[in-house]
Amino acid sequence: MRSPVAPRGPPAPAAPYPVCSEATMGHAVGDVLGLAAGVAVSPLPIVAVILILATPRGRLNGALFGLGWLVGLAALGAIMLAVGGSGGAASHKQPATWVGALKLALGLLLALLGARQWRHRPTDPSQAQLPKWMAAIDHFTPPKILGLGVALSAANAKNAPLTLAAGASISAAGIPVAQQAGALAIFVLVASVGVLAPLVVYLLMGERAQRVLGSWRDWAARHNAAVMAVLFFVLGLKLLGDGIGILAP
């Protein structure tokens, strides 16, 4: 006599599809593109690179400034990645609490800076004055030009908080170190479009670029305060919203 066959239960659920690493890295890149655009719109550094290109060694000095800018952003972002590590994401791929707290603090800082910038902006844009050190830029040595690029990228009141926030976002994605480096590289390249654009125009157009770059310089100098105030406000509110979204239960 055959033994009764035990009834079969419901089929075991299929294993979930593996998470695509490219999609995870793409999510990290998407989180930082807005921050990169905020860094790219930097009127005073754009004015600085245009003035540098007008010096006798404009080609060399412009390249050194661009290199310093890239190094400054990459170094600051790498420091943030080293602090956060590759395990910056909490359970269920949600950003860790420290990421929310950092974005909240950086957003508040940017909002306060925006209020200060707006309050001290010149009522007549034509009366806007450039920093005094720009008048001596013709006499800067190549090492000083390189250091200026680093300072205006990594030590800038707007760019430093945005770069730190970008590094925190990349760390919070919980992706491997190689993908973190790739996401940071994309952030740095997008964030450098503003200061590299005059260099590209100069290299392509030569002497004909003087009129184009001159109009860029004049516009950036006149509207620097207003542009920076708006950027501080908008990006500060974005980071405040991101931080609240992470910290809210």
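Side chains included, hydrogens not; waters and symmetry mates left out as well; all remaining heavy atoms used.
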Hey, any chance [X] and [Y] share a hydrophobic cluster, counting ILVMFWY side chains that come within less than 4.5 Å of each other, even indirectly?
| X | Y | result |
| --- | --- | --- |
| Leu152 | Leu146 | no |
| Val190 | Leu67 | no |
| Leu189 | Leu199 | no |
| Leu196 | Ile137 | yes |
| Val150 | Leu60 | no |

Go through the structure and list residues passing side-chain contact (heavy atoms from CB on, under 4.5 Å) with [X], not counting sequence neighbours.
| X | answer |
| --- | --- |
| Leu164 | Leu76, Met80, Leu106 |
| Ala229 | Gln117, Trp118 |
| Pro198 | Ile46, Val49, Ile50, Leu53, Leu213, Trp216 |
| Leu237 | Leu240 |

Test: side-chain hydrogen bond (donor to acceptor under 3.5 Å, both in side chains). Region: residues 51-69. Which pairs qualify, not counting sequence neighbours?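 Of all non-adjacent pairs touching residues 51-69, those that pass side-chain hydrogen bond (donor to acceptor under 3.5 Å, both in side chains) are Thr55-Asn61, Trp69-Ser192.
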
| message | Applying side-chain hydrogen bond (donor to acceptor under 3.5 Å, both in side chains) as the test, list every pair that has at least one member in residues 99-113; sequence neighbours left out. | response |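 Listed by first then second residue: Lys103-Ser169.
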
Measure across [X] and [Y] and return the closest heavy-atom pair with its distance rounded to 0.1 Å.
| X | Y | value |
| --- | --- | --- |
| Pro43 | Val227 | CG-CG1, 4.0 Å |
| Gly68 | Ser153 | O-OG, 3.9 Å |
| Ala173 | Ala28 | CB-CB, 3.8 Å |
| Leu35 | Phe187 | C-CE1, 3.9 Å |
| Trp98 | Ser171 | CZ2-OG, 4.0 Å |
| Phe233 | Ala111 | CE2-O, 3.7 Å |

- Message: Could you tell me if the side chain of His27 sits less than 4.5 Å from the side chain of Ile175, heavy atoms only?
- Response: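 No, every pair of side-chain atoms sits at 4.5 Å or beyond.
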
Side chain proximity check, Leu162 to Asn156, heavy atoms < 4.5 angstrom:
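Result no, sub-4.5 Å side-chain heavy-atom pair not found.
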
- Item | Partner set under salt bridge (Lys or Arg N to Asp or Glu O under 4.0 Å) for Lys238, not counting sequence neighbours |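 Checked Lys238 against salt bridge (Lys or Arg N to Asp or Glu O under 4.0 Å); matches are Asp242.
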
* **Approximate separation, where rounding is to 0.5 Å, of Phe65 CZ and Leu51 CG** =>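 It comes to 10.0 Å.
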
| message | Measuring from atom CG of Leu239 to atom CD1 of Ile244, what distance do you get when rounded to the nearest 0.5 angstrom? | response |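 Answer rounded to 0.5 Å: 11.0 Å.
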
inquiry  = Taking transitive links into account, so neighbours of neighbours count too, which hydrophobic residues share a cluster with Val193 at under 4.5 Å side-chain distance?
reply    =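 Besides Val193, the hydrophobic cluster comprises nothing; the residue is isolated.
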
Members other than Val230 in its cluster, when Ile, Leu, Val, Met, Phe, Trp, Tyr link by side-chain heavy atoms under 4.5 Å?
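Under the 4.5 Å side-chain rule, Val230 groups with Val234.
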
Given 3.5 Å as the limit, does a donor-acceptor pair link the side chain of Lys158 with the main chain of Met228, or not?
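Side chain of Lys158 to backbone of Met228: no pair is present.
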
* Asked: Short question: side chain of Asp31, backbone of Ile170 - any donor-acceptor pair under 3.5 Å?
  ->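 Here the side-chain-to-backbone pair does not exist.
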
